[in-house]
Amino acid sequence: MLNQLLVKPAQRNLNTSRFRLPLATLTTVPESPPPPIDATVAKLVLESDPKTLSQTLSNPTFQWTPLLVDNILKRLWNHGPKALQFFKHLDRHPTYIHSISSFEHAVDIAARLREYNTAWALMGRMRALRLGPTPKTFAILAERYATGGKAHKAVKVFLSMHEHGCHQDLNSFNTILDVLCKTKRVEMANNLFKTLRGRFKCDSVSYNIMANGWCLIKRTPMALQVLKEMVERGVDPTMVTYNTLLKGYFRCGQLNEAWEFFLEMKKRKCEIDVVTYTTMVHGFGVAGEVKRSKRVFDAMVKEGLVPSVATYNALIQVLCKKDSVQNALLVFDEMVGKGCVPNLTTYNVVIRGLCHSGEIERGVEFMKRMEENGCMPSVQTYNVVIRYYCDEGELEKGLELFEKMGNGTCLPNLDTYNILISAMFVRKKSEDLVLAGKLLIEMVGRGFLPRKFTFNRVLNGLVLTGNREFANEILRMQSRSGRVLRHVKL
DNA sequence: TTAGGGTTAG
């Protein structure tokens with residue numbers, strides 16, 4: 001098993017005679033069910049040589065459409081460099097022209113890799129083709145700057161929109177406020193809000209975004225202040241405003257205040273909605289008040305409101321965490337019985353619950369079940385199961401799932417690599433450390449930056465297990481990547 | 001991709 005993994009990605013899956021066949025032939029291979037075309041092409045891109053990729057993609061067998069290209073980019077999401085390679089090669093195609101949404105995916109991917117120059121170049125190309133950039137393109141770039149720790153750049157992006165041929169309006173202003181708030185730069189958002197709220201004629205959405213921002217950083221009094229201000233300025237609070245504040249109280253562990261606020265909402269004849277109830281079910285439950293959580297759920301049904309998938313998910317998670325998986329599964333069956341279709345989150349919550357109570361195999365069964373029900377396991381699903389396998393010392397089973405991800409349609413992400421690399425230190429075996437090194441190299445190649453801690457840990461591990469040569473190889477890779485993370489002397 | 005409720009460890 002380990003040996004298989006040690007093979008470089010390019011050499012993996014060499015049963016690729018299928019690969020060279022035109023796609024028309026591929027569909028006749030008696031394999032059931034045939035993978036969707038975007039999965040096939042994504043795999044082809046992953047395993048092909050960058051030098052010949054253009055030629056491969058020029059094959060007239062491929063019927064490129066914006067939808068197909070978008071789906072391929074989504075599949076390659078967790079292999080940014082390959083995704084961009086694919087996009088750029090196709091950009092040189094003699095007849096096909098990328099759509100706005102494909103460009104926006106590419107901008108997103110480039111900015112996530114912190115290749116901001118590439119992102120700007122793509123936007124320049126959009127403009128040259130008269131496809132944009134659109135307000136959404138700027139929103140994407142701003143969000144990537146903000147999540148990459150460059151909030152000031154995000155604001156600059158917004159302020160410079162008009163210079164790139166894109167008009168600033170209230171929507172784009174609200175978007176930048178939201179981006180800053182969601183990345184916890186609430187003070188910065190507040191400054192921008194105070195400075196420009198007159199110019200953009202802020203509406204309830206703007207105030208709701210700010211209130212939510214303060215709640216996210218647990219400063220509920222400031223959120224109340226926003227509520228007060230909006231009323232003073234003649235902007236009516238909405239259900240979103242109230243639900244935001246309610247959630248804020250729960251986030252701070254202020255259960256009594258949350259309850260009082262809920263009663264106040266009722267007293268003022270607010271049309272308490274399903275979001276209000278979901279917030280309550282979740283809030284009381286995760287605080288350990290399972291009975292109260294269930295009571296709220298029952299009260300909601302009694303009042304004639306229909307629980308949504310999110311409401312069921314909240315209750316199921318609460319039962320998994322604070323009660324028993326058995327009871328959570330009863331609720332799962334109940335929701336299905338009532339015709340409420342479980343979604344990805346439902347399955348992920350149940351699978352985590354099962355794994356946490358030591359029933360990993362049942363969790364894996366649920367993975368099969370979700371697939372049968374047309375809900376494909378996500379990278380989070382895999383990560384949960386892999387993590388619990390590793391915690392239980394079943395590294396091989398975790399690696400088996402990891403292999404399945406690589407072969408199939410759900411590429412591993414940063415978390416997956418971190419989980420597996422950490423697991424490689426448990427047995428203190430030389431071969432495990434070598435595998436950790438291979439994983440480290442692979443993740444860097446896919447555009448994920450390991451933390452310094454991870455780098456040093458792997459290097460130290462390799463040196464201590466006598467793999468000095470390999471440790472040096474990793475160091476060379478590290479210096480090639482232009483980042484000096486080394487704190488270890490070999 | 002203009003706002004609020006479900007997945008992220010005890």
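Here is the naming used below: chain letters follow the sequence lines, and residue numbers restart at 1 for every chain.
For the C1' atoms, the distance linking B:dA9 with B:dG5 amounts to 23 Å, nearest Å. With C1' as the reference atom, B:dT2 and B:dG6 are 22 Å apart, rounded to whole Å.
In this structure, A:F332 has its ring center at least 6.0 angstrom away from the ring center of A:Y312. Aromatic pair A:F402/A:Y417: centroids less than 6.0 angstrom apart.
The shortest side-chain heavy-atom distance between A:C320 and A:V350 does not fall under the 4.5 Å cut-off. Looking at heavy atoms from C-beta onward, A:E260 lies out of side-chain contact with A:Y249 at the 4.5 angstrom threshold. Put simply, the side chain of A:L227 reaches to within 4.5 Å of the side chain of A:P237, judged on heavy atoms. Between A:N78 and A:R446, every side-chain heavy-atom pair lies at or beyond the 4.5 Å cut-off.
Residue contacts for A:T311: at a heavy-atom cut-off of 4.0 Å it reaches a base atom on one of the strands shown. At a threshold of 4.0 angstrom between heavy atoms, the contacts of A:D415 with the nucleic acid are absent. At the heavy-atom level, A:M239 lies under 4.0 Å from base atoms of the strands shown. Within 4.0 Å (heavy atoms only), A:E104 reaches no atom of the nucleic acid at all. Counting any heavy atom pair closer than 4.0 Å across all strands shown, A:T244 reaches sugar-phosphate atoms only and no base atom.
Nearest nucleotide to the side chain of A:N313, out of B:dG6, B:dA3, B:dT7: B:dG6. The side chain of A:R251 sits closest to B:dG5 out of B:dG5, B:dA3, B:dG6. In the set B:dA3, B:dG5, B:dG6, B:dG6 carries the atom at the smallest distance from any side-chain atom of A:A314.
Shown here are the ring pair (Phe, Tyr, Trp, His ring centres under 6.0 Å) partners of A:W77, two or more places apart in sequence or in another chain: there are none. Residues passing the side-chain contact (heavy atoms from CB on, under 4.5 Å) test with A:V301, sequence neighbours excluded: A:F297, A:P307. In this structure, A:E371 has no side chain to side chain donor-acceptor pair (under 3.5 Å) partners at least two apart in sequence or on a different chain. Take A:R352 and apply the side chain to side chain donor-acceptor pair (under 3.5 Å) test, not counting sequence neighbours, and it matches no residue.
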Would you check, one step at a time, whether the test side chain to side chain donor-acceptor pair (under 3.5 Å) holds for A:T241 with A:T244? CA-CA 5 Å; A:T241 322; A:T244 300; over 6 Å; no
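Taking atom CG on A:D203 and atom P on B:dT2, their separation rounds to 12 Å, with Å as the unit. Whole-Å rounding puts the A:N212 CG to B:dA3 P distance at 10 Å. Rounded to whole Å, the distance from CD on A:Q380 to P on B:dA9 is 13 Å. Taking atom CD on A:E392 and atom C1' on B:dA9, their separation rounds to 14 Å, with Å as the unit. A:D391 has its CG atom 12 Å from the P atom of B:dG10, to the nearest Å. Computed from coordinates, the A:I386 CD1 to B:dT7 C1' distance equals 16 Å when rounded to whole Å. Protein atom CZ of A:F297 is 15 Å distant from nucleotide atom P of B:dG6, rounded to whole Å. If you measure from atom CE of A:M161 to atom C1' of B:dT1, you get 11 Å, rounded to the nearest angstrom.
For A:T279 against B:dG5, a side-chain-to-base donor-acceptor contact under 3.5 Å is absent. Between the side chain of A:S308 and the base of B:dG6, no donor-acceptor pair under 3.5 Å is found.
Comparing A:R144 and A:N343 by the nucleotide of DNA chain B that holds the closest heavy atom to each, the one mapping nearer the 5' end is A:R144.
Classified by its glycosidic torsion, B:dG6 falls in the syn category, the angle being within 90° of 0.
Within residues 315-342 of chain A, the residues approached by DNA chain B to less than 4.0 Å at the level of any non-hydrogen atom are A:Q317, A:K321, in residue-number order. Residues from residues 162-187 of chain A with heavy atoms under 4.0 angstrom of DNA chain B, sorted by number: A:N171, A:N174, A:T175, A:D178, A:K182.
Not one side-chain nitrogen or oxygen of A:R387 sits closer than 4.0 Å to the OP1 or OP2 atom of B:dA9. For A:K201 and B:dT2, the shortest distance from a side-chain N or O to OP1 or OP2 is not below 4.0 Å. OP1 or OP2 of B:dG6 sits under 4.0 Å from a side-chain N or O of A:H282.
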